[in-house]
Number of protein chains: 2
Amino acid sequence: MLISELAELTGVSARALRHYEDCGLLTPARSGSGYRVYTESDVTRVAQIRTMISAGLGTSAIRRYLDCVRTGDHGTFLEMCPDLRAELDSLARRLDARQAELREKRSRLDRLTSAG
Amino acid sequence: MLISELAELTGVSARALRHYEDCGLLTPARSGSGYRVYTESDVTRVAQIRTMISAGLGTSAIRRYLDCVRTGDHGTFLEMCPDLRAELDSLARRLDARQAELREKRSRLDRLTSAG
DNA sequence: GTAAGGGTTCACGCCGGCGTGAAGGTCAAG
DNA sequence: CTTGACCTTCACGCCGGCGTGAACCCTTAC
């Protein structure tokens, strides 16, 4: 299928799909005229990519660990290798830190608003 | 006083102080040779700016409402005018939204990590 | 004279997943 | 042939508070 069809099937913009290719997350074949040609398995792969992005992973991390992705009846998950475990742990810590920062900002804003 | 002294007194870098001037938050006098000359009241003002920034306000918003800032015994606060009230409300909503997004990311990451 | 230590004005870099034209090739349909 | 819908490859814009040189001026001490 061509890019616009994959875009419709996945709900992801064509621009994003090209971006994923630039990042090495997709490697579609090319037609004689240079058009990107995707297979049905790319639909699943894009869904996996989106799941990982929505979990906070960057494209470089996704590229490193895309082999670890499995999609089963119980949802999408990752088969753990040591590096991946460490990467996800540090990501979790970063997310927690950002959450704490946001909470601080929010409370400081409340103080600015109501204090006095 | 010169910029490095104000930087030390406030704990804010000289670069940041120049940045605040670029944004219209500070308007130091100039010596004959072009050096920025600050007064003691600028120490308070910088503290107010830092408080507002740490609460999530951007420099443009700070510039618009810097007149509303008061620093008293009960901490730094803002005298409310309608526009300011609306601005702070929308900011609070944006912070809440970002907090919700982060929570979602965090839980999705947990699912990726442990599911399967 | 000069080295040292501050001050000044640019102006790019960051962080990153895409949006958004711009300029131009491909292809089926009328 | 021509419209028009889709495709391609660049490549800048975003969001923004500063970090970080670069290149150059002022002043003081030796």
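Below, chain A is the first sequence line, B the second, and so on; all start at residue 1. Values below: all heavy atoms of this structure, side chains included; hydrogens, waters and symmetry mates excluded.
The distance from atom CG of B:Leu91 to atom P of D:dG16 is 12 Å, rounded to the nearest whole Å. Remark: P of D:dT8 and CD of A:Glu21 are 8 Å apart, rounded to the nearest angstrom. For the pair B:Tyr38 OH and C:dG6 P, the computed distance is 16 Å after rounding to whole Å. C:dG16 atom C1' lies 12 Å from atom CD1 of A:Ile62, rounded to whole Å. Rounded to an integer number of Å, the gap from A:Leu25 CG to C:dG16 P is 14 Å. Note: CD (B:Glu8) to C1' (C:dG7) measures 15 Å, nearest angstrom. Note: NE2 (B:His19) to P (C:dC14) measures 18 Å, nearest angstrom. Taking atom CG of A:Leu17 as the reference point, atom P of D:dC7 lies 11 Å away to the nearest angstrom.
The side chain of A:Arg18 contributes no N or O atom lying less than 4.0 Å from OP1 or OP2 of C:dG19. Here A:Ser33 does not reach the OP1 or OP2 of D:dT8: none of its side-chain N or O atoms lies under 4.0 Å away. Distances shorter than 4.0 Å separate some side-chain N or O of A:Thr59 from OP1 or OP2 on C:dG17. Note on B:Ser4: a side-chain N or O is less than 4.0 Å away from OP1 or OP2 of C:dG7. Side-chain N/O atoms of B:Tyr20 include one lying less than 4.0 angstrom from OP1 or OP2 on D:dC18. Within the 4.0 Å cut-off from OP1 or OP2 of D:dT8, at least one side-chain nitrogen or oxygen of A:Arg36 is found. Between B:Arg30 and C:dT9, a side-chain N or O to OP1/OP2 separation shorter than 4.0 Å is present. OP1 and OP2 of C:dT9 both lie 4.0 Å or more from every side-chain N or O belonging to B:Arg15.
In this structure, the nucleotide among C:dG6, C:dC18, D:dC18 sitting nearest to the side chain of B:Tyr35 is C:dG6. Side-chain proximity of B:Leu2 to the nucleotides C:dG7, D:dC18, C:dC18 is greatest for C:dG7.
Taking the nucleotide of DNA chain C with the nearest heavy atom to each of A:Ser13 and A:Gly32, the more 5' of the two is matched to A:Ser13. Both B:Val12 and A:Ile3 lie near DNA chain D, and the one whose nearest nucleotide falls closer to the 5' end is A:Ile3.
Residue contacts for B:Ser31: at a heavy-atom cut-off of 4.0 Å it reaches no nucleic acid atom on any strand shown.
The nearest pair of heavy atoms linking A:Val12 to A:Tyr20 is CG1-CE1, 4.0 Å. The heavy-atom pair separating B:Gly72 from B:Phe77 by the smallest distance is N-CE2, 4.3 Å.
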Checklist entry - Please walk me through it: do B:Glu21 and B:Thr27 pass side chain to side chain donor-acceptor pair (under 3.5 Å)? => result CA-CA 6 Å; B:Glu21 182 178 358; B:Thr27 329; over 6 Å; no
Checklist entry - Between A:Ser107 and A:Arg103, does a side chain to side chain donor-acceptor pair (under 3.5 Å) hold up when you go through it step by step? => result CA-CA 6 Å; A:Ser107 67; A:Arg103 265 193 282 276; over 6 Å; no
Item to check | Evaluation steps, salt bridge (Lys or Arg N to Asp or Glu O under 4.0 Å), between B:Glu101 and B:Lys105 | outcome: CA-CA 6 Å; B:Glu101 287 178 38; B:Lys105 271 193 181 181; over 6 Å; no
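B:Leu102 contributes atom CG, which lies 11.5 Å from atom CG of B:Leu109 (distance to the nearest 0.5 angstrom).
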